[in-house]
Amino acid sequence: MIQLKTMLNCIDNSGAAIVECVAVMKMKRHAKIGDRIIVVVQKQRNFGPETGSGATISTSAANKVRRGDLRHAVVVRTKKKLQRPDGSVVKFDDNACVLINKTGEPIGTRLNGIVGTELRKMKWSKILSLAPMHL
Amino acid sequence: MAPTMPTLRPLSCWKAILRRSRLQKAATRTLTTYYKPKPIDATPTVKKKIKAIPPPPTAASLFKEPIKSVTETQVAILDPTGARTKLFSKANLEAAHVGDILLVRLKNGDPFAGVCINIRRRGIDTGILLRNELTRVGVEMWFKIYSPNVEGIEVVQRKEKRARRARLTYMRKPKHDMGSVQNIVLAYQRSRGALRGNTEINSNAHENKGGKRKIKGKR
């Protein structure tokens, strides 16, 4: 249930750590996994913990977005339970998103964290291929 | 009766006398009325016997408990061996309980394992809630145990002490969270593979190549 003012984790290496939803695109209700939203970067990622896994990539990528930037994003995890057509339900412990540009390409080059398989249905295969795991 | 009555109370005396006379009057009236009794024995012979048609046999008479019978037929279709029912029946002592680590193998998609924190018993809609931690993010999934998509459910590890709650939702709290059970599940799968034989070992070895990326590699 991603809506106005929802704070989400940003799980790519674009440099944003926490973003705030300011609008849900193409629908009048809350966003679910795979929906496109507009976000404001609230907190930039600290370089400290990132250095372990490819410091050069993260530092160069960290410049891609700054605090206060208005960006598009795709929701990849929700705390709200999401029911699949086969009756199974998936629920994550946090809300997370991946920043994309206006054409739909992901801004970051790596993702750290599981994403929902609903992205396949919504044609976000690029994000799915970047993700280490999907469920 | 009248002569024994005390003279001080003439009213009651009058009342008794009048009552008697009134009764007499009524008797005389009935005597004078013309009454011709109807022939008593004529009515029962005239009364026609109505042919009672029994109601058509309804489904309600055939199925006293329709929901139960529907559930039974559905379970018979979806779980012909009865293994799934047995695994989650309350009567079975060896059944899976909350707190156990369960592994759900799916027909399309990768297996999901996690701590069972809730069993929702609703006949054919019976479901289990599994919780695990994948890539350091807590994930919960509901599975319908009779779903055709579910190939098999295995008990990876039992809870050493019986849980004293029916729903272990407190395990979502950081204090009680079990964290990732992926290591236990991998060890279990490896041991199962060793028991089964060579082919299984090979497939498992392929599966276990890189802890986290296991699921993606299998696709």
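Just so we're clear, the structure is a prediction, and the values are computed from it rather than from any experiment.
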Verdict with reasoning, S88(A) to W142(B), per side-chain contact (heavy atoms from CB on, under 4.5 Å) | CA-CA 5 Å; S88(A) 63; W142(B) 273 105; 5.5 Å; no
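A donor-acceptor pair under 3.5 Å is formed between the side chain of T135(B) and the backbone N or O of I114(A).
Atoms CE and CG, from M133(A) and L134(B) in turn, are 4.5 Å apart once rounded to the nearest 0.5 Å. Atom CE of M141(B) sits about 9.5 Å away from atom CG of L82(A), to the nearest 0.5 Å.
No more than 12 heavy atoms of other residues, nucleotides or ligands lie within 6.0 Å of CD1 in I67(B), so this atom counts as exposed by the packing criterion. Around the CD atom of E65(B), the shell of radius 6.0 Å holds no more than 12 heavy atoms that belong to other residues, nucleotides or ligands. Within a 6.0 Å sphere centred on NZ of K107(B), heavy atoms belonging to other residues, nucleotides or ligands number more than 12. Atom CZ of R165(B) has 12 or fewer heavy atoms from other residues, nucleotides or ligands within 6.0 Å. Within a 6.0 Å sphere centred on CZ of R67(A), heavy atoms belonging to other residues, nucleotides or ligands number 12 at most.
Side-chain contact between R77(A) and V137(B) is present, with at least one heavy-atom pair separated by less than 4.5 Å. Under the 4.5 Å side-chain criterion, counting only non-hydrogen atoms from C-beta, E140(B) is not in contact with V90(A).
Between D93(A) and R131(B), at least one side-chain nitrogen of the basic residue sits less than 4.0 Å from a carboxylate oxygen of the acidic one, meeting the salt-bridge criterion.
Scanning residues 30-41 of chain A against chain B with a 4.5 Å non-hydrogen threshold yields no residues.
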